[in-house]
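Report on one structure; see the data block that follows.
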Amino acid sequence: RSKGILLENINFYYLGNFGVVCQYSENITVDRCNFAPRPGSGRTNAGFADFIQVSGCRGMIDIKNSRFIGAHDDPINIHGTHLRVIEFLSDNRLKLRFMHDQTFGFEAFFKGDDIELVDSRSLLVVGKCKVKEAKLVTPREMELTLSSPLSSEVMQQKDLVIENVTWTPEVRITNNYFARVPTRGILITTRRKSLIEGNTFYGMQMSGIFVADDGLSWYESGPVHDLTIRQNTFLNCGEPIISIDPENREYKGAVHKNITIEENYFYMRKNSSCAIRAKAVDGLMIRHNLIYSLDTEKNKESDFIQMYNCNEVTIKENRVQLHHLFK
């Protein structure tokens, strides 16, 4: 419940677990910060989990001009939390549960918040409401009273989870450097306008950027509705370098929409063949990217882009060239 936080010109040399945890706060800026081992220390690791974990925030999350080197998990992770509906106490009262062992014990909803009821298997919305009253009953359970009754059709649904729509942020992640990370560089799942621009990702062992959303494993919400990934450089990263992979167990329609990937540089590893993989997206634009390959037999954009259950897709003017940086 903080507002207007600025972290500027700070060295984070050693973080025994998470680094900066932001929860139910708004308008947070990280500028010219250095998450990396102290120079000359001989150490390669600066943190044992995410450097920046943003969960259930709103306003603008602005992370810029910073270095993220030597994390044991994703340097930046921005998401909400799905709580599972475990009981309908009445047509306007619900009992919810925090499902993941590492995420519980905080108030995830407040009076006046807008919420969506989501089918956890398809990750599609089945109902929308406003919170009239919210109570943390135990560290793992909440009870919500809604401002209007739910329909019988919604109440008959199984495996429902709820996302707090009010507490979802806009995001800008610009001009940062990521290196020596065994996982992903950036995880982002927020429905509000987001921009990832001008960053360099060197040697991520998994994807450089990962867009998820799930209601059955980590319970990290939610859908992406307006994301631009522009003018970033990906050097020797694991594949897919950009991964859009919501954990829907069945396809009933797009989970994400309106994603643009443009003017990026992909330097592929040897025997690597997937720069971009997208699943369950409507409104996907992939254009003007430059893909540097080590494989002479792969010389067109379709060799490096994979689609599953995507509609309204435009792929155009992406170029493939040979390079010799990583053999």
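E163 CD to T189 OG1: the interatomic distance, rounded to the nearest 0.5 Å, is 8.0 Å. Rounded to the nearest 0.5 angstrom, Y267 OH and L290 CG are separated by 7.0 Å. Distance CG/L7 to CG/D31: 10.0 Å, rounded to 0.5 Å. Atoms CE and CG, from M307 and L284 in turn, are 5.0 Å apart once rounded to the nearest 0.5 Å. Taken from CG in L227 to OG1 in T260, the straight-line distance is 8.0 Å, to the nearest 0.5 Å. In this structure, CG in D213 is found 10.0 Å from CD in E220, a value given to the nearest 0.5 Å.
Annotation: R43, atom CZ; neighbour count of heavy atoms from other residues, nucleotides and ligands within 6.0 Å is above 12. The 12-atom threshold is not exceeded at OH of Y265, counting heavy atoms of other residues, nucleotides or ligands nearer than 6.0 Å. The neighbour count for K279 NZ, taken as heavy atoms of other residues, nucleotides or ligands under 6.0 Å away, is above 12.
The pair R287-E262 counts as a salt bridge, with a side-chain nitrogen and a carboxylate oxygen less than 4.0 angstrom apart. A salt bridge links E26 and R58; the closest N-O separation between the charged side-chain nitrogens and carboxylate oxygens is under 4.0 Å.
Applying the salt bridge (charged side-chain N to carboxylate O under 4.0 Å, His left out) test between E143 and each of R97, K135, K132, R93 identifies R93 as the sole match. Applying side chain to side chain donor-acceptor pair (under 3.5 Å) to R191 and the options H256, H225, E116 leaves one that passes, E116. The side-chain contact (heavy atoms from CB on, under 4.5 Å) test with F304 is passed by exactly one of N318, I276, I291, N289: I291.
The main-chain N or O of R38 is found under 3.5 Å from a side-chain atom of S41 such that the two form a donor-acceptor pair. Looking only at distances, no side-chain donor or acceptor of N236 sits under 3.5 Å from a matching main-chain atom of G203. Judged by distance alone, the side chain of N199 and the main-chain N or O of F178 form no donor-acceptor pair under 3.5 Å.
Closest of all the heavy-atom pairs between S122 and N248 is O-CB, 3.6 Å. The shortest heavy-atom contact between L94 and I162 is CD1-CD1, 3.4 Å. The nearest pair of heavy atoms linking S207 to S243 is OG-CB, 3.5 Å. Between N176 and N65 the shortest heavy-atom distance is OD1-N, 3.1 Å. Of all the heavy atoms in R192 and V165, the pair that sits closest is NH2-O, 3.1 Å. Closest heavy-atom contact between H100 and Y219: N-CD1, 4.5 Å.
Side-chain N/O atoms of D74 and T183 include a donor and acceptor closer than 3.5 Å. Side chains of R67 and N34: a donor on one and an acceptor on the other come within 3.5 Å. Side-chain polar atoms of N258 and D226 form no donor-acceptor pair below 3.5 angstrom.
Between R121 and L216 there is a side-chain heavy-atom pair separated by less than 4.5 Å.
Using bins of under 30°, 30° to 60° and over 60° for the plane-to-plane angle, the ring pair F266/F234 lands in the parallel bin. Below 30°, between 30° and 60°, or above 60°: for F51 and F35 the angle between ring planes is between 30° and 60°, a tilted geometry.
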Full working for salt bridge (Lys or Arg N to Asp or Glu O under 4.0 Å) between D282 and K257: CA-CA 5 Å; D282 280 2; K257 63 182 181 181; over 6 Å; no
Check against side-chain contact (heavy atoms from CB on, under 4.5 Å), R140 and D101: CA-CA 9 Å; R140 293 189 178 273; D101 288 341; 4.0 Å; yes
Chi angles and distances behind the salt bridge (Lys or Arg N to Asp or Glu O under 4.0 Å) call for K193, E170: CA-CA 5 Å; K193 187 177 182 64; E170 293 185 56; over 6 Å; no
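Hydrophobic clustering places F12 together with V54 (ILVMFWY residues linked when any side-chain heavy atoms are closer than 4.5 Å, directly or through intermediates).
Aromatic pair F98/F106: ring centres closer than 6.0 Å.
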